[in-house]
Amino acid sequence: MPELRKDPVIGRWVIIATERAKRPSQYHKQVEERKGGFCPFCPGNEKSTPPEVLSYRAPNTLKDQEGWWLRVVPNKFPALQIEGPLRRSGEGMYDRMTGFGEHEVLIESPNHDHSYADLQVEHIQEIIWALRDRCVELRKDSRMKYIMVFKNWGREAGASLEHPHTQIIALPIVPKRVQEELSGAGKYYDYKERCVFCDMISQEVADSDRIVTENDSFISFMPFASRFPYETWIVPKEHTSFFNDIQKNQVTDLSSIMRTIFSLIKEGLDDPAYNFMIHNTPFDETGNTPFYHWHMEIIPKLTKVAGFEWGTGFYINPASPEEAVKHMRDVMRRAGKTDRSQTAAKLAMIH
Ligand SMILES: [Zn+2]
Ligand SMILES: [Zn+2]
Ligand SMILES: [Zn+2]
């Protein structure tokens, strides 16, 4: 029988309809075709992007030339623009605002074909440092209220360029999805004087059947009220409200857990398209906000959002997170070991 489950942060109900359960190979996902052709993000084509705002590159190499292993550039076709004023206006009952914001692209590797599953953990650490550097920098602009870091991998997930990249958008407003989380987490805190995400971590550790893997600083689990099959979160174990405050040991642990999770998605789900986003605390909050906890949400693109979802805000998830975790653990076991962290290391080594 299908089951309704309620998200403890925003109160959204999802339908876990396991009668519709499928093996991962049975999802009708589009096979990702590599289309090749000219790539503005490949080394040698630096002039086809706007000038870089950050790069990690070999000594004695020049800005906007080869020699980099990671570059951040403004988006050539930005969703929002930094030029011009931030102006609000009204037209009767309707509100408008100039399309103000900052839109950057982090080109993650000079290699056109490398995904997280192929990168060394040391390289993923560099990516995390670069994201942090840009988040710290963009936060200095007092007109901005929020930064969204996200990745679209594969055309099904909305990526228009194949070359591995992550996007950073700084916004003059706090997006609705984040506001819902903030308000839900705030209410929970008012009532219980505890962070809902910290409580979720304790509960997941106690239940243990939704944990994919963990290390000293991070835990990865499939949320109780998952909207999508194999939806996976990565959450710092220590209460931290700003991603910008990430410490060296956390960067090391985050990169290794990301490497494991993205390798599992590639191996266990037959390399689907996916999105991930980092939910961070808005800039208005100062210091360590006790009720909000930054986290990463990863959504493999295995199903499509359809009429019922659009019409109701309910999601129908054909795979229970507990079953999905079992599958991922099998994939890890097949990779050779039973101990969680060692399995992760082993899995990281097979590529
Ligand atoms: Zn490329
Ligand atoms: Zn917390
Ligand atoms: Zn979130």
Side-chain angles (χ1 to χ4, degrees), residues 54-58 68-72 106-111 114-137 139 147 149-151 153 164-166 168 197-198 200-202 204-205 211-222 232-267 274 276-281 288 293-298 328-329 331-332 335-351:
L54 174 75
S55 63
Y56 297 167
R57 50 172 58 253
W68 52 274
W69 58 89
L70 184 156
R71 271 181 102 213
V72 182
L106 187 158
I107 306 163
E108 293 168 339
S109 155
N111 190 314
H114 273 179
S115 71
Y116 286 131
D118 311 301
L119 292 172
Q120 300 290 323
V121 281
E122 292 76 14
H123 196 108
I124 302 176
Q125 286 172 24
E126 302 267 279
I127 293 171
I128 298 166
W129 282 124
L131 287 174
R132 193 216 56 153
D133 287 353
R134 291 313 299 158
C135 287
V136 167
E137 189 58 35
R139 198 184 171 187
I147 289 188
V149 170
F150 65 99
K151 182 180 174 80
W153 171 254
H165 64 282
T166 303
I168 306 163
F197 295 94
C198 287
M200 215 186 287
I201 293 170
S202 320
E204 291 307 332
V205 169
I211 299 179
V212 186
T213 186
E214 61 183 305
N215 56 32
D216 285 347
S217 345
F218 286 87
I219 184 164
S220 175
F221 59 87
M222 299 195 186
T232 305
W233 290 12
I234 297 177
V235 187
K237 286 180 173 173
E238 190 82 21
H239 181 84
T240 329
S241 44
F242 282 106
F243 165 72
N244 311 23
D245 293 334
I246 194 163
Q247 302 295 309
K248 193 167 188 293
N249 63 318
Q250 291 180 306
V251 171
T252 310
D253 287 347
L254 178 58
S255 66
S256 81
I257 208 164
M258 282 172 68
R259 177 69 151 73
T260 305
I261 295 301
F262 289 107
S263 299
L264 278 173
I265 290 174
K266 185 175 181 180
E267 297 295 312
Y274 61 79
F276 83 63
M277 39 266 167
I278 292 177
H279 275 159
N280 204 355
T281 300
N288 207 14
H293 196 127
W294 80 263
H295 55 277
M296 181 186 277
E297 300 183 10
I298 304 158
M328 287 310 208
R329 288 183 185 171
V331 176
M332 279 203 251
K337 290 260 172 92
T338 46
D339 168 69
R340 278 190 202 147
S341 54
Q342 283 185 7
T343 309
K346 183 85 180 179
L347 193 76
M349 276 160 50
I350 59 174
H351 295 283

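In what follows, every heavy atom counts, from backbone to side chain, and hydrogens, waters and symmetry copies are set aside. Just so you know, residue 1 is the first one in the sequence shown, and it goes up from there. Quick caveat, the model's predicted, so the values are computed rather than measured.
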For residues [X] and [Y], determine if any side-chain heavy atom of one lies less than 4.5 Å from a side-chain heavy atom of the other.
| X | Y | answer |
| --- | --- | --- |
| I219 | I211 | yes |
| T240 | I246 | no |
| M332 | V212 | yes |
| R329 | T213 | no |

Run the side chain to side chain contact (heavy atoms under 4.5 Å, CB included) test on M258 and I128 for me, step by step, so that the C-alpha distance in whole Å, both residues' side-chain angles and the decisive distance to 0.1 Å come before the verdict. CA-CA 10 Å; M258 282 172 68; I128 298 166; 4.0 Å; yes

Given 3.5 Å as the limit, does a donor-acceptor pair link the side chain of [X] with the main chain of [Y], or not?
| X | Y | answer |
| --- | --- | --- |
| H239 | H293 | no |
| T281 | S241 | yes |
| D253 | F218 | no |
| Y56 | A130 | yes |
| Q247 | D245 | yes |
| S220 | W233 | yes |

Approximate separation, where rounding is to 0.5 Å, of [X] [atom1] and [Y] [atom2]:
| X | Y | atom1 | atom2 | result |
| --- | --- | --- | --- | --- |
| L106 | L70 | CG | CG | 4.5 Å |
| I278 | M296 | CD1 | CE | 4.0 Å |
| N215 | L254 | CG | CG | 8.5 Å |
| L54 | W129 | CG | CH2 | 13.0 Å |
| C135 | W294 | SG | CH2 | 10.0 Å |

Kindly indicate, with the supporting measurements, whether the criterion side chain to side chain contact (heavy atoms under 4.5 Å, CB included) is fulfilled by D216 and Q250. CA-CA 8 Å; D216 285 347; Q250 291 180 306; over 6 Å; no

Under a 3.5 Å threshold, yes or no: a donor from one side chain and an acceptor from the other, between [X] and [Y]?
| X | Y | result |
| --- | --- | --- |
| R259 | S263 | yes |
| N249 | T252 | no |
| E108 | H114 | no |

List the atom of A58, the atom of W69, and the distance in Å for their closest heavy-atom pair.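 Of all heavy-atom pairs spanning A58 and W69, the closest is N-CZ3, 3.4 Å.
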
Stepwise side chain to side chain contact (heavy atoms under 4.5 Å, CB included) test for R139 and N244: CA-CA 9 Å; R139 198 184 171 187; N244 311 23; 3.9 Å; yes

Cation-pi check, K151 to Y116: give yes when NZ or CZ is under 6.0 Å from the six-membered ring centre and within 45° of the ring axis, no otherwise.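 Judged by the rule (NZ or CZ under 6.0 Å from the ring centre, within 45° of its axis), K151 counts as positioned above Y116.
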
If we check ring-ring contact (aromatic ring centres under 6.0 Å, His included) with H295, which of these qualifies: F197, F243, F242, F276?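 That would be F197; it is the only one of F197, F243, F242, F276 passing the ring-ring contact (aromatic ring centres under 6.0 Å, His included) with H295.
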
Would you check, one step at a time, whether the test side chain to side chain contact (heavy atoms under 4.5 Å, CB included) holds for H123 with I127? CA-CA 6 Å; H123 196 108; I127 293 171; 3.9 Å; yes

Residue among Q125, R132, E126 satisfying side-chain contact (heavy atoms from CB on, under 4.5 Å) with V251: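 Result for side-chain contact (heavy atoms from CB on, under 4.5 Å) with V251: Q125.
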
